[in-house]
Amino acid sequence: MITIRTYYFPETMEAAYEKLTERRNNAVIGGGGYLKLGSKAIGTAVDLSNLGLDYIKEEEKSFEIGAMTTFAGMMLHEGLNQHFNNLFQRAIEDIVGMQLKNMVTIGATIYSRYGFSDFLTALLVTTTKVKLYKGGWISLNEFLENGPKERDIVEKISIEKTKGFYSFQDLRGSSSDYSILNLALSKEGDHYRVALGARPGRAKLAVKTMAFLEGKELSEEHMEKAGEVLTKEMVFGTNGRGSKEYRRAMGKVLLKKALQEGSIHED
Ligand SMILES: Cc1cc2nc3c(=O)[nH]c(=O)nc-3n(C[C@H](O)[C@H](O)[C@H](O)COP(=O)(O)OP(=O)(O)OC[C@H]3O[C@@H](n4cnc5c(N)ncnc54)[C@H](O)[C@@H]3O)c2cc1C
């Protein structure tokens with residue numbers, strides 16, 4: 001069970017940051033979904049609800065999305081669904097139920113860099129930048145690889161409106177379980193992006209697979225070969241949900257499904 005000594009609603013980002021960094025045991029509260037599962041003793045909970053960070057703004061070249069935007073907000077946004085052919089809807093729809101989706105936030109998910117995350121795998125095949133209050137703008141890929149330089153707060157993200165095809169594939173014991181493995185793919189012109197998550201390590205771009213696929217015609221042979229490149233370059237592990245051998249075998253299957261969806265989309 002978590003305990004919270006004081007609850008604080010800052011009116012500015014600076015006040016939130018100051019309070020967060022005042023003591024080691026102070027913590028930002030997003031939706032509170034994941035924090036509640038733990039047993040942290042929090043000094044001051046810094047709740048970002050009053051900072052107007054729950055928004056999705058569609059601009060000419062990008063979507064700007066506040067850190068307190070919920071998974072439900074992402075999943076149901078018409079502009080995002082149209083532009084990214086339901087990528088986020090697919091990645092979010094099987095996560096527990098609607099109550100949880102109405103609560104959990106994108107800022108917390110990004111900052112925490114959870115290995116099991118479905119959302120982060122999907123986001124990684126788009127061109128996304130993360131705005132950290134102190135650290136400034138950083139690419140999502142770099143943030144997932146290295147984390148923040150110092151304690152920080154995710155304020156918003158910006159997703160470029162690139163034209164293309166997007167697919168999300170996952171493998172679960174049953175809907176609403178955590179993913180055993182997940183994969184997202186995007187294709188913009190001849191250029192592919194492939195991300196694999198829940199390996200069980202955090203989502204990572206499969207750069208050799210992406211280079212192999214560049215400009216290739218999607219024949220059966222090329223799809224098979226891409227699967228081999230993918231399973232060679234990525235690190236898989238074992239946990240309670242699946243063994244590394246199983247994950248390795250399934251990585252190929254998820255990639256082929258995503259590529260097949262892509263080739264149907266082009267026909
Ligand atoms: C029961 C349950 C099942 C889940 N199943 C899945 C699943 O199947 N797939 C999946 O992808 N995800 C799953 N999730 C995770 C969920 O999608 C969120 O990623 C997670 O709950 C974090 O969001 P939150 O808003 O609840 O964070 P919180 O619990 O509020 O915070 C989590 C951490 O992030 C920090 N934090 C919060 N906001 C910020 C911010 N703006 N900047 C910096 N730090 C911040 C907090 O201090 C804390 O350390 C599940 C969560 C729960 C509770």
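Whatever order the structure lists them in is the order used to number ligands and atoms, beginning at 1. Along the sequence shown, residues carry numbers from 1. Since the model is a prediction, treat every value here as computed from it, not as a measurement.
Selection from N26, T109, V130 by nearest heavy atom to atom 18 (C) of ligand 1 gives T109. Atom 10 (C) of ligand 1 has its nearest heavy-atom neighbour, among I95, L100, D152, in I95. Across Y178, Y114, Y111, F71, heavy-atom proximity to atom 22 (C) of ligand 1 is greatest for Y114. Heavy-atom proximity to atom 47 (O) of ligand 1, evaluated over I2, I153, V28, is greatest for V28. With G97, A122, G33, A27 as candidates, the residue nearest to atom 53 (C) of ligand 1 on a non-hydrogen basis is G33.
Heavy-atom separations between L120 and ligand 1 are all 4.0 Å or longer. The closest approach between E155 and ligand 1 stays at or above 4.0 Å for every heavy atom of the residue.
For the residue pair N146 / R113, no side-chain donor-acceptor distance below 3.5 Å is found, with atom types taken as modelled.
Geometrically, K216 engages F212 in a cation-pi contact, judged by NZ or CZ lying under 6.0 Å from the ring centre and within 45° of the ring axis.
The distance from ligand 1 to the heavy atoms of G31 drops below 4.0 Å at these ligand atoms: 24 (P), 25 (O), 26 (O), 30 (O). Here is the list of ligand 1 atoms found below 4.0 Å of a heavy atom in V96: 3 (C), 4 (C), 5 (N). Residue contact check: T105 has heavy atoms under 4.0 Å from atoms 23 (O), 24 (P), 25 (O) of ligand 1. Of all atoms in ligand 1, numbered sequentially from 1 with element shown, those under 4.0 Å from a heavy atom of R172 are 8 (O). Residue D118 has at least one heavy-atom neighbour below 4.0 Å for each of these atoms of ligand 1: 7 (C), 8 (O), 9 (N), 10 (C), 11 (O). Within ligand 1, counting atoms from 1 as listed, the ones closer than 4.0 Å to a heavy atom of L37 are 53 (C). The contact set between ligand 1 and S112, taken as ligand atoms under 4.0 Å from a residue heavy atom, comprises 32 (C), 33 (C), 34 (O). Interface of D177 with ligand 1, defined as ligand atoms under 4.0 Å from a residue heavy atom, comprises 8 (O).
Nearest protein neighbour of atom 29 (O) of ligand 1, counting heavy atoms only, is L35 N, 2.7 Å. Protein heavy atom nearest atom 41 (N) of ligand 1, with residue, atom name and distance: V154 O, 3.1 Å. The protein non-hydrogen atom at the shortest distance from atom 23 (O) of ligand 1 is A108 CB, 3.5 Å. Closest protein heavy atom to atom 51 (C) of ligand 1: Y34 CD1, 3.7 Å. The protein heavy-atom contact nearest to atom 28 (P) of ligand 1 is G32 N, 3.6 Å. The protein atom (non-hydrogen) at minimum distance from atom 13 (C) of ligand 1 is F116 CE1, 3.6 Å. Of the protein's non-hydrogen atoms, V104 CG1, 3.3 Å is the one closest to atom 21 (O) of ligand 1.
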* **Worked verdict on T121 versus N182 for side chain to side chain donor-acceptor pair (under 3.5 Å)** => CA-CA 7 Å; T121 305; N182 57 40; 2.7 Å; yes
Chi angles and distances behind the side chain to side chain donor-acceptor pair (under 3.5 Å) call for T127, R193
CA-CA 10 Å; T127 306; R193 259 187 253 193; 2.7 Å; yes
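Exactly one residue among T109, D94, I95, I92 makes a side-chain contact (heavy atoms from CB on, under 4.5 Å) with D118. That residue is I95.
Salt bridge status for E22 with K19: present, with a side-chain N to carboxylate O gap under 4.0 Å. At a threshold of 4.0 Å, the pair E145-K204 counts as salt-bridged, since one of the basic side-chain nitrogens sits closer than that to a carboxylate oxygen.
Side-chain contact between E261 and F165 is present, with at least one heavy-atom pair separated by less than 4.5 Å. Here the side chains of I106 and M74 are in contact, with some heavy-atom distance below 4.5 Å. A heavy-atom distance below 4.5 Å is not found between the side chains of V125 and V194. Using a 4.5 Å heavy-atom threshold, the side chains of L51 and F9 count as separate. Side-chain contact between Y246 and K244: absent, with no pair of heavy atoms (C-beta onward) separated by less than 4.5 Å.
Between K36 and ligand 1, no N or O atom pair is found at a separation short of 3.5 Å. The distance criterion of under 3.5 Å between nitrogen or oxygen atoms is not met by A67 with respect to ligand 1.
Both the backbone and the side chain of S117 come within 4.0 Å of ligand 1, counting heavy atoms alone. At a 4.0 Å heavy-atom cut-off, ligand 1 does not touch L53 at all.
Under the 30°/60° scheme for interplanar angles, the aromatic rings of F71 and F119 are found to be tilted.
Aromatic rings of F168 and Y166 (six-membered ring for Trp) have centroids beyond the 6.0 Å cut-off, not under it.
Heavy-atom contacts from other residues, nucleotides or ligands closer than 6.0 Å to CZ of R151 number more than 12.
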